[in-house]
Structure formats: structure tokens, C-alpha cells
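Before any comments, here is the structure.
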Protein chains: 2
Amino acid sequence: MTLSEEDYIKAIYHLGKGENTTVSTNAVAEQMDTKPSSVTDMVKKLSEKGVANYKPYKGVSLTEYGQKIALSLVRKHRLWEVFLVEKLDFSWDEVHEVAEQLEHIKSEKLVDQLDKHLGFPQVDPHGDPIPSKKGEFKKAIKKLLNEVPIGKSGICVGVKDSSPPFLKFLDKNKIALGDTILVLDKEEFDGSIDIQIKERTIHISSQIATNLYLKITE
Amino acid sequence: MTLSEEDYIKAIYHLGKGENTTVSTNAVAEQMDTKPSSVTDMVKKLSEKGVANYKPYKGVSLTEYGQKIALSLVRKHRLWEVFLVEKLDFSWDEVHEVAEQLEHIKSEKLVDQLDKHLGFPQVDPHGDPIPSKKGEFKKAIKKLLNEVPIGKSGICVGVKDSSPPFLKFLDKNKIALGDTILVLDKEEFDGSIDIQIKERTIHISSQIATNLYLKITE
DNA sequence: ACAAATATTTAGCTTTGTCTAAAATTATTT
DNA sequence: AAATAATTTTAGACAAAGCTAAATATTTGT
Ligand SMILES: [Mn+2]
Ligand SMILES: [Mn+2]
Ligand SMILES: [Mn+2]
Ligand SMILES: [Mn+2]
């Protein structure tokens, strides 16, 4: 697969949320920051290669084979992200762009050894699970912060939005993966909430609460 | 620079042996495993970009800017080779192919941090020097084994040919960088020599002797 | 010095991946 | 059930990087 084909496969995979959903040409175009006509051309090619199922005007999905490729790419992307943070002192908002390049390096041994070097990590710096070599991974039971009822608490295990602005916001407000968060109060009107985190009590907007994953503890 | 442009720049650099020599279209074509006509097209483009000086029928050389790029690529290539050997347990005959890909990853921070992570190595697994961030490196005073006079000895510090077959040959014969080699005898007729290495006395062909670098000790 | 051999460039074609503009299909309103 | 709007595809073009075959320049041998 070429670099470009691989990025399309990943886009289709992510838009389908990991399940094997059919996604629209326009959606892929938006995700990839290209034009719908370019997507049409590419998905035709992917279809011919046995990577995708494409029905004109109906959308595109990945074949079994395509999903395997997607999972391998996701695995590589996330392992590199762990490497950058753990070994090269990158912060979690800097890794995506570089991993986007590194994920395309072709060498099975490289990935296997990297995995070993990192101690077979289960999640990437954003809390996203790392597929095994065979493409398996258990998706964690986690809840968005805005769905956690008042009085319940949990451990922060992931972010839904992993864009640099959001990640930097969390850094600035000293919210990190692993922290325990208790929901104190919720404001119906704007969806904002009060939380307790590490002795501090802070008020958090709906935009933040809908992008933080917790693993409920009690 | 695109991946392809970068590979051409590296090829021109290596053919010019690091000095800023003018090299021929055919030489570049052979090195890159492409056709001379493709090289002509590319060097024209590199010339327009200010990376190379190209005179039709006369050959091509790198500009100052082009040399900077070349040195940065060599730096990245060799740092990645060190990483693969030191951290991921690759053997020295497996690293080149992967480094050939990794050298094109764009991220200044990545290179700086990798350098630090590796403890600022001075040479790659084949004994080749790693340019500093500014593009400087001292070239070691080393001699090819076939040029070492009888009775002199030295430490094995590098290989001229770093192709897998040659490197595997060295592994098989337990000759590694760092080993001390004493020249016992030379055969004028075929250039073969007798050496002593780690208590062993072995006979070595001219092809091997002309591809092993020693740093003379006495 | 000239012919032959070699090296290099040019011209024209191919593939990949992209784009714009126009045409076709599907979805949504009234 | 049309009419309108939105989505998607097609047609045609372009840039990058490569190739083959033909033309041109340079080098070499006599
Ligand atoms: Mn990518
Ligand atoms: Mn991630
Ligand atoms: Mn390369
Ligand atoms: Mn090397």
C-alpha cells in the first residue's frame, strides 16, 4: 500500500468508529482534507485492490483485509506515540503529527521490537487502546465525563478529542490521565459541571466534559 | 523536499564523497537504480530549487544549501541506524533499509531527542561518523586493511562496503568493530593477507581487506 | 582529425494522486 | 409529485516521478 492509500484506509476505519460501518464520500473527503472527487477515485482503486467495498452513491466500507491493514496502521501509530512520549520526552499534544508519518514505515521487525522496547503498552498517550499484532484489543469500559452522574467518581483514562488545543488546555488545568475525578454538581442549562480533582474543586465547561473519558470507580 | 528529491540529494552527496565534487548523470542513475533520463529531469528541478548546480552534459554538484540538506539526511540516517541496533536489537546488516525510510521523517525535535536518547553517538553501526546538528563531523584517521603494512596493528573502526552480504561475512568470521587486528603477512599476487585477531590467525581475501577500515595503533 | 563508442538529453508516454467544473443521482421540501 | 437542494460521480487537466526510444553531445581510438 502507498502512503496515500494507507491514510484513506485509516480514515474509513476511524469514520466507521472501528465497527465496519459504511461511510460517505463526503465524510472521507472532510476527514482527509481533500475533495470528494479525489475520494471517489481512490475508493474505486481500493475496491479493485480488495481493500474496500464501494457502491457508487452508497458509500464505502472496509473488507476484512482492509480492516486488518487499518488495525496494523493504528497499532503502529499508537506505538510510535508511546515511544515519542516515553522515550523522547514529547508531550502528548506533539506526537500525533509525527506518528502520522512514522506509521507508514515498512518493517515488521521494527514494530515488533518497538513494542517490546516499550514493554508492550496497552494504551497510547491519549488513552486509546493499542491493537495486538493480530489486530485484537479490548475496548475499555469508559464513560464521557458529562455522562457521569453526580456523586460518582472515576479515573481519567482517555480523551475523545486529541487535538493540541484541547490537550494543552488539560495540561494548563493540571488534568492528566490517571487522575481521579469526582463529579460534584451538574448544570442542566449549559452542561457545565463542578468536579473535584486532587483536592481542587474546579468548574468545567460542557466542551471539556464531553471530551474526557472516565473509568467509573464508585 | 520530497522523499525522492531527498534521495537524489543524498546520492549526489555520497558520489561526491562528501567533498563537493561534480558527479555525472550516469553515476547518479546507477547509484539510485533509475534511468539517466530520469536523473536529468530531477537534477534540473533540484537546480531550479537552488539545491544543485547543473550544467548540461557536464554533471551536477550540490550548492551550500544542498550540502546542508545532505548532511541533515546523513545525520538522521545514521542516528536511526544507531537506534535500531542499540535499542531495538537489530543487527548491523538489517538497519540500512529501514533507516532509508526513517531518514525522511520530518521533525526537528524528533532528531534532537533521538540524538539525546542515544547519548549523542559519534558513529553509526558501520563506523561512519554522525554529523552534528550544524553539519560538522571530524573524519577519523583510518586506513583500509589492505594498506596496512606487515607488522602493524590497528583497531577495526569501520566498513567501506556495508552491504548485508559483507556484514554477514564479518559476523560469521567473528570480526567486529572494536576488534584489534595485526597484519602478519601479505600476498602480493592476489592481495590476500594473514591477520591475527583475538588469538586467532586467519587468512583474508583482497575483497575483504579492501573493505575494512582500521585505526592504526602501532 | 575523424569515425566509432559512450554519455547525456529530449520528446513523448505512463501512473499516482490531486483539482475544478459539469453532469448525474439522491434527499428534502413544499 | 414536483421542484429544489445536497451529494456524488464523471470528464478533463495538472504536477511529480518514472520509463523508452530517438536525437545530440562528448570522449576515445586510430
Ligand atoms: Mn499517515
Ligand atoms: Mn493517539
Ligand atoms: Mn531514503
Ligand atoms: Mn550506516
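A quick note: this is a predicted structure, and the numbers were derived from the prediction, not measured. Residue numbers start from 1 in every chain, and the chains themselves are labelled A, B, ... in the order their sequence lines are given, proteins ahead of strands.
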| note | Closest to the 5' end of DNA chain C, once A:K58 and A:M32 are matched to their nearest nucleotides, is A:M32
| query | Which parts of nucleotides 1-7 of chain C does protein reach within less than 4.0 Å, heavy atoms only, written one letter per nucleotide 5' to 3' as B for base, S for sugar-phosphate only and - for none? | reply | ------S
| request: Assign the ring pair A:F169 / A:F166 to parallel, tilted or perpendicular, where the plane angle (0 to 90°) is split at 30° and 60°. | output: parallel
| field | Lys/Arg-Asp/Glu bridge criterion (N-O < 4.0 Å) met for A:R78, A:E103 | value | no
| field | Base D:dT20 paired with B:S37 side chain (donor-acceptor, <3.5 Å) | value | yes
Could I get a table of every N or O pair under 3.5 Å where one atom is in the protein and the other is in nucleotides 1-6 of chain D?
none

| message | Strictly distance-based, threshold 3.5 Å: is any side-chain N or O of A:Q101 a donor or acceptor partner for the main-chain N or O of A:V98? | response | no
| request: Mark yes or no: A:K109 above the aromatic ring of B:F90, with NZ or CZ under 6.0 Å from the six-membered ring centre and no more than 45 degrees from the axis. | output: yes
| query | According to a strict under-4.0 Å criterion, is A:T34 in side-chain N/O contact with OP1 or OP2 of C:dT18? | reply | no
| Reckon B:K44 has a side-chain N or O less than 4.0 Å from the OP1 or OP2 of C:dT10? | yes
| Can you tell me if the side-chain N/O atoms of A:T40 get under 4.0 Å from OP1 or OP2 in D:dT9? | yes
| request: Would you give the length of the straight line joining atom CG of A:L84 to atom CG of A:D89, rounded to the nearest 0.5 angstrom? | output: 10.5 Å
| remark: note: A:K35, atom NZ; D:dG12, atom C1'; distance rounded to Å ~ 17 Å
| request: Please report, rounded to the nearest Å, how far the P atom of C:dT20 is from the CG atom of A:D41. | output: 13 Å
| request: Give a yes or no answer on whether the side chain of B:N20 reaches the backbone of B:T63 with a donor-acceptor pair at less than 3.5 Å. | output: no
| request: Kindly assign one of parallel, tilted or perpendicular to the pair A:W92 and A:H126, based on the angle between their ring planes and the thresholds 30° and 60°. | output: parallel
| request: Measure from NZ or CZ of B:K44 to the centre of the six-membered ring of B:Y54 and say whether it is under 6.0 Å with the direction within 45° of the ring axis. | output: no
| task | Using a 4.0 Å heavy-atom cut-off across all strands, classify B:P36 as base, sugar-phosphate, or nothing. | result | base
| said: Does D:dG18 have OP1 or OP2 under 4.0 Å away from a side-chain N or O of B:S4? | reply: yes
| field | For A:S192, the option from A:K186, A:Q207, A:H203 that meets side chain to side chain donor-acceptor pair (under 3.5 Å) | value | A:H203
